[in-house]
Amino acid sequence: MTIFLCGFMGCGKSTIGQILSKKLGCGFCDTDELIVKNQGMTIPEIFSQKGEPYFRQVEAETVKSLCGKSTVVACGGGAMQNTDTAETVRKNGGTIIFLNVPFDVCYNRIKNDSNRPIVMNNTKEQLEEIYNNRHDIYMKNSTIMIEAVGSPAEIVSGIIDVIR
């Protein structure tokens, strides 16, 4: 089973994914970390040198390459904006879980993160607009939506209850 966690930056995909993978006894990977490793550049460097469209293409290819593996995948915040990527994941038996977290919670986690070009290049108001635009896309492209409030252990427990 491949589980893809999606949601806005700072919603807890990596934290939840690591715990969930241990509980399920499977692997874990973070698409942003894979991209950095495979490209030999940080995400800000990729955005600066090659542009966001290039990054999104690499991101989509990375997500698709993980289909069919026994792993929990923490997707970058924009990965499941791509309907083709989400469709490929579902067609290959993947489960897409949207971690729905209020904007203010996400913002407080990401506001000073210099490794996030979108955060560094936008105001709080602009980020909230991006959040609102992405929310509907996450809802449309996900298999399951989890209200990801509470402790990481509680959220993981809720996910396990839903997927079993």
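Ile155 and Met139 fall into different hydrophobic clusters, where Ile, Leu, Val, Met, Phe, Trp and Tyr side chains are chained together by heavy-atom contacts under 4.5 Å. Ile110 and Ile16 fall into different hydrophobic clusters, defined by Ile, Leu, Val, Met, Phe, Trp and Tyr side-chain heavy atoms under 4.5 Å apart, directly or through other members. Taken together through direct or relayed side-chain contacts under 4.5 Å among Ile, Leu, Val, Met, Phe, Trp and Tyr, Tyr138 and Val149 form parts of separate hydrophobic clusters. In this structure, Ile96 is a member of the same hydrophobic cluster as Val63, with clusters built from ILVMFWY side-chain heavy atoms closer than 4.5 Å.
Pairs engaging residues 86-96 under the side chain to side chain donor-acceptor pair (under 3.5 Å) rule: Glu87-Lys91 [sequence neighbours left out]. The list of salt bridge (Lys or Arg N to Asp or Glu O under 4.0 Å) pairs with a residue in residues 37-54, not counting sequence neighbours, reads Glu52-Arg56. Among pairs with a residue in residues 34-55, those fulfilling ring-ring contact (aromatic ring centres under 6.0 Å, His included) read Phe47-Phe55, at least two apart in sequence or across chains. For the ring-ring contact (aromatic ring centres under 6.0 Å, His included) condition, the pairs that include at least one residue of residues 3-39, sequence neighbours left out, are Phe8-Tyr131. Sequence neighbours left out, not one pair with a member in residues 155-164 passes side chain to side chain donor-acceptor pair (under 3.5 Å). Screening residues 68-90 for ring-ring contact (aromatic ring centres under 6.0 Å, His included), with sequence neighbours left out, gives no hits. Annotation: side chain to side chain donor-acceptor pair (under 3.5 Å) contacts involving residues 61-80, sequence neighbours excluded, comprise Gln57-Glu61.
Applying the side chain to side chain contact (heavy atoms under 4.5 Å, CB included) test to Thr83 and every residue at least two apart in sequence or in another chain returns Lys140, Asn141. Residues meeting the side chain to side chain contact (heavy atoms under 4.5 Å, CB included) test with Val36, sequence neighbours left out: Ile43.
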Discussion item. Let's go through Val89 and Thr143 carefully: what are the C-alpha distance in whole Å and the side-chain angles of both, what is the deciding distance for side chain to side chain contact (heavy atoms under 4.5 Å, CB included) to 0.1 Å, and is it a yes or a no?
Written reply: CA-CA 10 Å; Val89 166; Thr143 313; over 6 Å; no

Item to complete: With side chain to side chain contact (heavy atoms under 4.5 Å, CB included) as the test, would you mind laying out the steps for Asn132 and Glu129 before giving the verdict?
Response: CA-CA 5 Å; Asn132 290 333; Glu129 185 175 330; 5.6 Å; no

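Here the CG atom belonging to Asn38 is positioned 11.5 Å from the CD atom belonging to Glu33, to the nearest 0.5 angstrom. For the atom pair CD1 (Ile19) and NZ (Lys23), the distance works out to 8.5 Å, reported to the nearest 0.5 Å. Separating the OG1 atom in Thr31 from the NZ atom in Lys13 is a distance of 8.5 Å, to the nearest 0.5 Å.
A donor-acceptor distance shorter than 3.5 angstrom exists from the side chain of Ser21 to the backbone of Gln18, with no hydrogens or angles considered. For the pair Ser142 (side chain) and Met145 (backbone), a donor-acceptor distance under 3.5 Å is absent. Without hydrogens or angle criteria, Gln126 side chain to Thr123 main chain gives a donor-acceptor distance under 3.5 Å.
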I'd like a table of donor-acceptor pairs (distance under 3.5 Å, sequence neighbours excluded) in which one partner is a side-chain atom from residues 73-80, with atom names and distances.
none

Could you give the side-chain donor-acceptor pairs of residues 114-122 under 3.5 Å, partners two or more places apart or in another chain?
from, atom 1, to, atom 2, distance (Å)
Arg116, NE, Asp113, OD2, 2.9
Asn121, ND2, Pro117, O, 3.0
Asn122, ND2, Ile118, O, 2.7

Side-chain donor/acceptor pairs under 3.5 Å, residues 97-106, sequence neighbours excluded:
from, atom 1, to, atom 2, distance (Å)
Asn100, OD1, His135, NE2, 3.2
Asn100, ND2, Glu147, OE1, 3.4
Asn100, ND2, Glu147, OE2, 3.2

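Inter-residue side-chain proximity for Met9 and Leu127 is flagged as met; some heavy-atom pair is nearer than 4.5 Å. Proximity of Ser14 to Asp30: side-chain heavy atoms (C-beta onward) are separated by under 4.5 Å at one or more points. Between Leu34 and Leu66, some side-chain heavy-atom pair lies under the 4.5 Å cut-off. In this structure, the side chains of Val156 and Ile160 come closer than 4.5 Å at one or more pairs of heavy atoms. Proximity of Lys111 to Lys124: side-chain heavy atoms (C-beta onward) are nowhere separated by under 4.5 Å. Looking at Leu5 and Ile3, their side chains come closer than 4.5 Å, going by heavy atoms from C-beta outward.
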